[in-house]
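So the structure is just underneath, and the comments pick up after that.
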Amino acid sequence: MASKRLARTQDPTILVLTSLTGGPKHGYALIKDIEATSGTSFGPGTLYGVLARLEEEGLVEPLPEEDRRRPYRITAHGARVLRERLEVTVKVATLGLERLERLGGLGGVGA
Amino acid sequence: MRPDRLVDIALRCYPAWWQDRYAIEVRTVADDLRTAGRSSVRIFLDLVVGMFRVRRDAVGMPRSYPLWNARTRVSVATATLPFVLLAPVVVACSGSTGLRAKGTRVVYSGFSLFPHGLMRFGKGGLLPAPPLTPAATVISWAELAVLVVSLLTLVTVFYGWASILGAVRHAGPRPRRWARLLAWTPALVIVVFIALTALATRVGPHEWTSTGGRPMAPVGGTVGLAHLLIHLAQVVLVGGWLLSAAAIAAVARWTEMTPFALRTGTRVSSVTAALAVLLAAALAAWGVGVILQAHQAGHGTYTVFEFGHLSLWPVSAAAALLACHLSLTGATRAHQGSQVVAGLCG
């Protein structure tokens, strides 16, 4: 149960910003892209909650509407914030993997 | 029901400003997802959860004075109303306690908030009663805390009501006439309650007498009518309390308040939230005391508390916890909203 929850714990902010680094996308395209890259399946209520927050913080900006679909793109500030967050994530991931290696080598993992 | 009706219903539950900004886009995304095979119920549930988040956090809400004024008013109501609505349950729960030892009723003489000088009815009249169990002592303190918190709440609620009366008089766009009248509902309830009680006293028996060891009997007056009026007064008190809460909430919802009035409302909601926490703690201590006193009474001769409405305790405690949560959340948001409104006023 706990391991399933841990696997699902992915920051939706990071997922949306990362998806937008691939170019501007509207809501449905974002959902599909995030699903394909991370396996996380957003609903429209969740996605637009995240987009509203990102827009309010100036991390993404809406583009003119095309056929009832409004694309969003990442701002320069958004890209800077994403880079900082990803660098921390990479640092933590690298450290965690190193420590797991050492733990495995010493046979210190519990049953 | 058609699947797209579900999405429509969910979208209509979002705030108006959100619908203006996002409804068309979200509707299109929902249609695309349904075409791609996602279930309508799943989309609906996600939208409902999103709606609660938007209403709670107001993320993306434009910095407009009327919008933030309304949000702060709703937050103050969220912080205050649950506790106000809870009050009759707490009164019913705490107002029916008594003391008992060795199967007889225990009384204590003189005016005191805390039981001391305990006496019980025995064959030779009033006899000294055994002491309270340690758990019953905890219950006494908890009851005292509930009483004090209830009184403080009453004072806070009346202060809030007085502030709303003043705020309605000086409200932004001219308040509607019915809002001014509704604001006086609590006063009307108090007047009707006092009138019914006074009438019941007037039509009731002039005195009670007992002759030859018979039960007390009324002299003069109409006992049936007096009982009816007393019951009616109680109904007016409880019903009027709830009606007043609803009326004040409606007034606060539909009348735009000045920033000063909002600051006062925010203070009232903060005090109410603090009192809600104290009440929940007192009810929790009370519950633990009730459980423990049954064990302690079995190990010796003690005086214990008995409750007429013990079954109401779990309901009161659960409602108090919920009221606590709502009050704290409402007070926090009212504080933020009040600051935004002050900022928008420059």
Side-chain angles (χ1 to χ4, degrees), chain A residues 5 8-17 19-20 22-75 77-78 81, chain B residues 3-64 67-68 71 336-337 340 343-344:
Chain A
R5 199 165 54 230
R8 278 205 307 268
T9 312
Q10 298 197 59
D11 186 350
T13 312
I14 298 291
L15 293 177
V16 171
L17 285 175
S19 175
L20 289 178
K25 288 184 189 69
H26 55 72
Y28 181 67
L30 268 169
I31 289 175
K32 285 286 138 192
D33 186 52
I34 291 168
E35 211 170 290
T37 52
S38 70
T40 306
S41 159
F42 281 173
T46 311
L47 176 71
Y48 277 83
V50 176
L51 279 176
R53 189 177 294 280
L54 292 174
E55 199 183 329
E56 193 178 62
E57 289 171 10
L59 303 181
V60 302
E61 61 186 2
L63 296 172
E65 200 177 292
E66 306 159 352
D67 188 25
R68 294 159 59 89
R69 290 173 176 82
R70 188 188 294 279
Y72 290 83
R73 79 167 161 216
I74 190 164
T75 61
H77 175 51
V81 170
Chain B
D4 54 340
R5 280 283 297 152
L6 275 178
V7 172
D8 279 343
I9 292 169
L11 287 178
R12 250 181 250 140
C13 296
Y14 278 82
W17 61 265
W18 189 93
Q19 290 185 42
D20 290 345
R21 171 67 183 82
Y22 295 108
I24 295 174
E25 283 176 61
V26 173
R27 182 67 214 252
T28 314
V29 172
D31 287 346
D32 289 344
L33 284 171
R34 270 194 303 115
T35 313
R38 192 173 293 187
S39 115
S40 298
V41 175
R42 199 173 145 200
I43 296 171
F44 169 77
L45 291 177
D46 183 69
L47 284 172
V48 169
V49 172
M51 180 270 294
F52 280 115
R53 285 203 189 117
V54 167
R55 288 202 173 272
R56 188 191 62 193
D57 303 334
V59 173
M61 189 162 95
R63 294 220 148 210
S64 120
L67 280 179
W68 277 94
R71 179 173 167 76
Q336 288 165 348
V340 173
L344 287 168

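These numbers come from the heavy atoms of this one structure, side chains and all, not from hydrogens, waters or symmetry mates. Note that the structure is predicted; figures quoted are calculated from it, not measured. The sequence lines fix the lettering, A, B, ..., with proteins before strands; numbering per chain opens at 1.
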Margin query: Using modelled atom types and a 3.5 Å cut-off, is there a donor and acceptor pairing between side-chain atoms of D46(B) and backbone atoms of G45(A)?
Written below: yes
Margin query: Tell me whether T28(B) contacts the main-chain N or O of R68(A) through its side chain, where contact means a donor paired with an acceptor under 3.5 Å.
Written below: yes
Check: For the atom pair CZ (R38(B)) and CD (E35(A)), what is the distance rounded to the nearest 0.5 Å?
Finding: 5.5 Å
Item checked: Approximate separation, where rounding is to 0.5 Å, of E25(B) CD and L51(A) CG -> 8.0 Å
Next item on the list: Check each atom of I31(A) against the heavy atoms of chain B and say whether the ones under 4.5 Å are side chain, backbone, both or neither.
Entry: side chain
Note to self: Other residues, nucleotides and ligands only: do more than 12 of their heavy atoms fall within 6.0 Å of CD1 on I24(B)?
What the structure shows: no
Margin query: Heavy-atom pairs under 4.5 Å with chain B - which of L47(A), T46(A), D67(A) has more of them than the others?
Written below: T46(A)
Notebook entry, point to check: Picking from R70(A), E55(A), R53(A), which has the most non-hydrogen pairs under 4.5 angstrom with chain B?
Noted result: R70(A)
Next item on the list: Please flag which part of M51(B) lies under 4.5 Å from any non-hydrogen atom of chain A: side chain, backbone, both or neither.
Entry: neither
Margin query: Among residues at least two apart in sequence or on other chains, which ones pass ring pair (Phe, Tyr, Trp, His ring centres under 6.0 Å) with Y14(B)?
Written below: W18(B)
Notebook entry, point to check: Looking only at heavy atoms, which two atoms of Y28(A) and V29(B) are closest? And how far apart?
Noted result: N-CG2, 3.7 Å
Next item on the list: For residues V59(B) and A52(A), report the shortest heavy-atom separation together with the two atoms involved.
Entry: CG1-C, 3.7 Å
Note to self: Applying side-chain hydrogen bond (donor to acceptor under 3.5 Å, both in side chains), can you list everything that pairs with T75(A), at least two apart in sequence or on another chain?
What the structure shows: none
Notebook entry, point to check: Between K32(A) and D32(B), is the closest basic N to carboxylate O distance under 4.0 Å?
Noted result: no
Notebook entry, point to check: Could R63(B) and E56(A) be called an ion pair, given the rule that one side-chain N must be under 4.0 Å from one carboxylate O?
Noted result: no
